[in-house]
Participant: 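Sharing a structure below in C-alpha cells format, with a few things to ask.
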Protein chains: 2
Amino acid sequence: MFSQSEENYIKTVYHLSIDFDGGISTNAIAKALETKASSVTDMVKKLSEKEVVIYKKYQGVTLTDFGKKVAASIIRKHRLWEVFLVDKLNFSWDEVHEVAEQLEHIKSPKLISELDAFLGYPKQDPHGDPIPDAEGNIHQINKKLLSLLSVGEEGVCVGVDDTSSEFLKFLDKQGIGLGNRIKIVEIEPFDGSFVIEVNEKVLTISNKIASNLYIQKR
Amino acid sequence: MFSQSEENYIKTVYHLSIDFDGGISTNAIAKALETKASSVTDMVKKLSEKEVVIYKKYQGVTLTDFGKKVAASIIRKHRLWEVFLVDKLNFSWDEVHEVAEQLEHIKSPKLISELDAFLGYPKQDPHGDPIPDAEGNIHQINKKLLSLLSVGEEGVCVGVDDTSSEFLKFLDKQGIGLGNRIKIVEIEPFDGSFVIEVNEKVLTISNKIASNLYIQKR
DNA sequence: TTTAATTTTTAGACAAGTCTAAAAATTAGT
DNA sequence: ACTAATTTTTAGACTTGTCTAAAAATTAAA
C-alpha cells in the first residue's frame, strides 16, 4: 500500500494540519521530517498522484479525506503500540516514541485489532492523545492549556503538548503525571510563571511548562 | 546497523546452513528469498565486506561467528514475536509467520528484553523451535523425526519441520499439536504411512506428514 | 512598485536494492 | 578429457528516496 517513507510524510502532514489551517508548506514538512525541501516536493507529487493529498505548486498540500483516513490509521497504530510499551513492557512515557515510530509501519489488520482488544480498547495514549478508532474517527477530549487558566481554576492533567523526552522527564521529576488534579494557586505577572498545587504539594512552573500541559476542567 | 534486506539474507543463510554443511550456494539463497541469483551475488559481496559472511567467488557463502550472532538475534526476535502473537493476541500457529517477518526488524534492545520477560522467558516458539538467548546461544532440544521411529516407540510432539500454513492447518484438523503424546501403532511397508495413537485416538498419517513432525522421546 | 529575500521547484546526481542479458566459471555427461 | 548443461558473476539499467545547486515563483521591503 504505502511505503514507510510515504507513511511518514502522510502522518507529518496530518500533524502539521492540526495547528495550521490551509496548505502545509514544503518547508514546514521538510523541517518536521528533517529532510530537504526538494525531497518534499518529490514526495508530495507522488502522494498527490495517489490521491492522498491535494497539491498545487507553491501552494502547499492538504490531506484528502482518504489521506486523513490513512493518517488516522497510522496514528492509531502508533498510539496503540505506545500504550502496549508503557502498560505491558515497562517503558516510561518518554521512551516510547522512537520504538512506536518503527512499530507503526507493521502491516497486519489482525495484529492491530487484537492488540487493541488485548490492551482493553484504550482511548488515550500515554501522553493523553486520543487513539483513533478502527474507522479513523478521532475523539478529541475537551482540554485546555494550563497556561490559559486563571487563579483558582482547577482540573485534571489529561495530556501534554510537547512529548520530548526532556519535558516528560522534567514532569516525572516534579511529580506531575496524567490524571493528577492541578489547581492554580497564583500566576506571577512578571514572567507568567504558575504556582500550582498538585498531589498535595505546591510548586512553581514556568509559563513554558504551563503552555505544554493540558487540563480537563470539571 | 543492518538493513531489513541485509537481515533477511543473513537469516536465510543461517537457516540454509542448518541442513547443509559447507558454502551456501547463490542459487539456494535466491530460491529461498524468491529473488534472482545476480541480486544475491551483489548482496553477498556487501555482507562479505561487513564481515558477516565468508565469500569466495563460485564457492557459496558461510556465516562468520559474527554473522551467526547477528542471525541468532534476528531469529530470537522473530520467535519471541511469534510467541507473543500466539500467547497474547490469539493468533494461530499458522498465522504468525508473515507478521513476525516484519516485527523481527524492529530495532530496540529494550523492547526485546522486556518482551522476553513479559512472555515469561519462553524457550520455544509456537512451532517448537528454540528461541536463542540474548547472547545468541541456541539450545537445541533433543528431538527426532517421527518417521525415524519404529513400531511401539512413543514420545511427545515437540516441533514441526515444515511451518507452512497448509501443513499446520492439517495438523489442527487432525488434532495433532505440540505437547501431544504420540505412539507408533503400525508402519505400512507399502507406502511408509504411519498409524499413530494420539489423544486417545488412532489415525493414519502419510510418510510425508511423519517426516515433518518432531518427537521427543521421554 | 521595483528590488531584495525567501520559498519552492527543477534538473541532475547518487546510494540501495533489484532486474535482465550476456559472459565466465564450474560441474556433469559421454 | 572434452563438450554440454548449469551455475554464478558481471555489466548495465531501473526504482525509490534522497541530495545539491541552480532556476523560477512568491513574498517582503523600501
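Protein chains get the first letters and strands the later ones, always in sequence-line order, with residue 1 at the start of each. We use all heavy atoms of the structure for the numbers below, so side chains are in, but hydrogens, waters and symmetry mates are not.
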Participant: So, does A:N27 get its side chain near the phosphate of C:dT8, meaning an N or O under 4.0 Å from OP1 or OP2?
Facilitator: yes
Participant: Is the distance between the ring centroids of B:F84 and A:F84 less than 6.0 Å?
Facilitator: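 Centroid separation for B:F84 and A:F84: below 6.0 Å.
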Participant: What is the separation between atom CG on A:L33 and atom P on D:dC19, rounded to the nearest whole Å?
Facilitator: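 Interatomic distance, CG of A:L33 to P of D:dC19: 10 Å.
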Participant: D:dT10 P sits how many Å from B:Y55 OH, rounded?
Facilitator: 6 Å
Participant: Distance check needed: C:dT18 P versus B:Q4 CD, whole Å only.
Facilitator: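 After rounding, the reported distance stands at 11 Å.
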Participant: Once you round it to whole Å, what is the distance between P of C:dA25 and NZ of B:K56?
Facilitator: 17 Å
Participant: Base, sugar-phosphate alone, or nothing: which one does B:T26 contact when heavy atoms must sit under 4.0 Å apart?
Facilitator: sugar-phosphate
Participant: Donor-acceptor pair, B:T41 side chain versus B:A37 backbone, under 3.5 Å?
Facilitator: yes
Participant: Starting from C1' on C:dT8, measure out to NZ on A:K36 and report it in whole angstrom.
Facilitator: 15 Å
Participant: Hey, is the side chain of B:S38 poking within less than 4.0 Å of OP1 or OP2 on C:dT18, counting only N and O atoms?
Facilitator: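 So the side-chain polar atoms of B:S38 never come under 4.0 Å of the phosphate oxygens OP1 or OP2 of C:dT18.
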Participant: Starting from P on D:dT16, measure out to CD on A:E7 and report it in whole angstrom.
Facilitator: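 For the pair A:E7 CD and D:dT16 P, the rounded distance is 16 Å.
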Participant: Using a distance-only test with no angle check, is there a side-chain donor-acceptor pair under 3.5 angstrom linking A:D42 and A:S38?
Facilitator: no
Participant: Could you pick out which residue, A:Y58 or A:M43, lies toward the 5' side of DNA chain D when each is mapped onto its nearest nucleotide?
Facilitator: A:M43
Participant: OP1 or OP2 of D:dT9 sitting under 4.0 Å from any side-chain N/O of B:T41?
Facilitator: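 It does, given that an N or O in the side chain of B:T41 lies less than 4.0 Å from OP1 or OP2 of D:dT9.
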Participant: Identify the heavy atoms of B:K107 and B:F2 that sit nearest to each other, and give their distance.
Facilitator: NZ-O, 3.0 Å
Participant: I need the CG-C1' distance between B:D42 and D:dT9, as an integer number of Å.
Facilitator: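 Atom-to-atom, B:D42 to D:dT9, this comes out as 9 Å.
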Participant: Look at the side chain of B:S39 and decide which nucleotide, out of C:dT7, D:dT10, C:dT18, has an atom nearest to it.
Facilitator: C:dT18
Participant: Looking at A:K57, I'd like to know whether one of its side-chain N or O atoms comes within less than 4.0 Å of OP1 or OP2 on C:dT10.
Facilitator: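 Yes, such a contact exists.
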Participant: So, is B:Y9 close to the C:dT18 phosphate, meaning a side-chain N or O under 4.0 Å from OP1 or OP2?
Facilitator: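 Yes.
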Participant: Taking the six-membered ring for Trp, are the ring centroids of B:H78 and B:H97 within less than 6.0 Å of each other?
Facilitator: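 Yes, ring centres under 6.0 Å apart.
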Participant: With heavy atoms under 4.0 Å as the rule, sort A:S5 into base, sugar-phosphate or nothing.
Facilitator: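 Touches sugar-phosphate only.
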Participant: Could you state the NZ-C1' distance from A:K45 to C:dT8, rounded to the nearest angstrom?
Facilitator: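 So the NZ-C1' distance, A:K45 to C:dT8, works out to 10 Å.
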